[in-house]
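What follows is a single structure, written as structure tokens, with notes after it.
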Amino acid sequence: MAFVPVLHSELIKIRTLRSLVTTLGVMVVVTAAFSALGSLDAGEEGFDPLFAAFFGFNFGQLAAIAFGTVAVSSELRDGSLRGALIAVPDRRRWFAAKAVAIAGPCLVVGLLTGVVSLVVGRAVLGADARGLSWGEGLRGVVGCGVYFTLMALFAAGITALLRSGVATLSILIPFLLIVSFVVGDMSSGVADLLPDRAGQIVFHETWDGSLGPWTGLAVTALWTAAALGAGAWRVRARDA
């Protein structure tokens with residue numbers, strides 16, 4: 001089967017799986033809500049208006065990870081993967097289509113999330129938003145879409161590797177909420193290379209580390225490529 005029909009079938013799966021559609025909606029709402037809360041701290045020492053406007057990404061990324069995880073783990077239940085691979089014997093083509101089907105909706109909703117977050121953040125910041133240029137705001141919006149997409153694909157690759165959505169979420173959520181912050185406080189130079197913290201540089205107006213906004217996202221992209229490569233290997237190597 002050619003790639004386009006495979007991609008179309010994978011997009012249909014995502015569109016018809018209610019939990020995935022709900023997760024994308026949660027991504028928008030949660031990010032915007034926490035961005036509004038983060039913007040309430042305007043005027044404090046070391047205040048970063050760009051980070052405040054997009055503060056909700058810390059919580060929205062959990063929805064992105066859940067989206068990528070469930071999109072793959074749903075194939076592992078009830079023999080669904082076996083049926084998919086019967087229809088598409090080329091496992092690399094199937095996994096590539098799955099990755100694109102995850103990336104497309106996540107990028108679109110991630111960009112929408114960035115726009116909503118910026119609008120809400122600027123509204124709550126009020127006069128304090130004068131320090132936030134529209135160029136920086138555009139960077140945050142694009143960064144939001146790209147970062148959420150990369151994190152969803154990273155989770156998808158890990159899920160394919162571990163063959164378990166529960167295991168993936170059990171590892172990634174504590175890592176994002178606890179381990180990454182602890183490592184970041186202990187060694188900023190090393191922490192900048194972690195998959196989440198590298199990509200999050202795009203949400204900071206200024207950054208003292210060696211990476212910039214786009215090079216940080218490039219580091220996250222490398223982690224994502226490695227996870228997808230490992231997931232593709234597992235899909236090819238193991239029985240459905």
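Residue numbers run from 1 in the order of the sequence given. Quick caveat, the model's predicted, so the values are computed rather than measured.
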When rounded to the nearest 0.5 angstrom, what is the spacing between CH2 in W214 and CD1 in I201?
12.0 Å

Mark yes or no for whether D48, through its side chain, and E205, through its backbone, hold a donor-acceptor pair below 3.5 Å.
yes

So, do N58 and T31 sit near enough that their side-chain heavy atoms are less than 4.5 Å apart?
no

Aromatic plane relationship, F57 with F203 - under 30° parallel, 30 to 60° tilted, over 60° perpendicular:
parallel

Does the plane of the ring in H204 sit parallel, tilted or perpendicular to the ring in W207? Use 30° and 60° as the thresholds.
tilted

Linked, directly or transitively: V29 and I65 (ILVMFWY side chains, under 4.5 Å):
no

Donor-acceptor pair, side chain of T23 and main chain of S19, under 3.5 angstrom
yes

Is the backbone N or O of K13 less than 3.5 Å from a side-chain atom of T16, with the two atoms forming a donor-acceptor pair by type?
yes

Can you tell me how far apart CD (E136) and CG (L118) are? Round to the nearest 0.5 Å.
10.5 Å

Does F67 belong to the same Ile/Leu/Val/Met/Phe/Trp/Tyr cluster as V21, with side-chain heavy atoms less than 4.5 Å apart forming each link?
no

When every non-hydrogen atom of P49 is compared with those of L125, the smallest separation belongs to O-CD1, 3.8 Å

When you compare the side chain of F175 with that of D196, does any pair of heavy atoms fall below 4.5 Å?
yes

Transitively linked via ILVMFWY side-chain contacts under 4.5 Å: L138 with V120?
yes

Qualifying residue for side chain to side chain contact (heavy atoms under 4.5 Å, CB included) with T168, from I158, V72, V70
I158

Please report the interatomic distance CG(L20) to OG(S74), rounded to the nearest 0.5 Å.
6.0 Å

Group every Ile, Leu, Val, Met, Phe, Trp and Tyr by side-chain heavy-atom contacts under 4.5 Å, then state whether V4 and V100 land in the same group.
no

Closest approach of S164 and L76, non-hydrogen atoms and distance?
N-CD1, 3.9 Å

Looking at CZ of R236 and CZ of R91, how far apart are the two atoms once the value is rounded to the nearest 0.5 Å?
9.5 Å

Is there a side-chain contact (heavy atoms from CB on, under 4.5 Å) between L228 and F95? Walk through the geometry before answering.
CA-CA 9 Å; L228 288 174; F95 192 69; 4.1 Å; yes

Nearest non-hydrogen partners of L176 and M151, listed with the distance:
CD2-CE, 4.1 Å

Only counting residues at least two apart or in another chain, list the ones meeting ring-ring contact (aromatic ring centres under 6.0 Å, His included) with F34.
F59

Does the side-chain contact (heavy atoms from CB on, under 4.5 Å) test come out yes or no for L111 and F148, once each step is laid out?
CA-CA 9 Å; L111 291 172; F148 280 177; over 6 Å; no

Rounded distance [0.5 Å steps], CG in L107 versus CD1 in I102
13.5 Å

Might you work through the side-chain contact (heavy atoms from CB on, under 4.5 Å) test for F54 and V202, ending with a clear yes or no?
CA-CA 10 Å; F54 290 94; V202 76; over 6 Å; no

Would you say T224's side chain and L150's backbone share a donor-acceptor pair under 3.5 angstrom?
yes

Quick one: do Q200 and T220 satisfy side-chain contact (heavy atoms from CB on, under 4.5 Å)? Show the steps, please.
CA-CA 9 Å; Q200 293 169 9; T220 302; over 6 Å; no

Note, L62 side chain near L177 side chain (heavy atom, < 4.5 Å)
yes

Taking all non-hydrogen atoms of both residues, which atom of S35 and which atom of G56 are closest, and how far apart?
OG-N, 3.0 Å

Taking all non-hydrogen atoms of both residues, which atom of A71 and which atom of K98 are closest, and how far apart?
O-NZ, 3.3 Å

Establish, for the pair R92 and W233, whether the NZ or CZ atom is under 6.0 angstrom from the six-membered ring centre and no further than 45 degrees off its axis.
no

CG (L50) and CG (L132) are apart, to the nearest 0.5 Å, by 5.5 Å

Cluster link V108 to L17, ILVMFWY, side chain under 4.5 Å:
no

Closest contact, heavy atoms only, G231 versus A160:
CA-CB, 3.7 Å

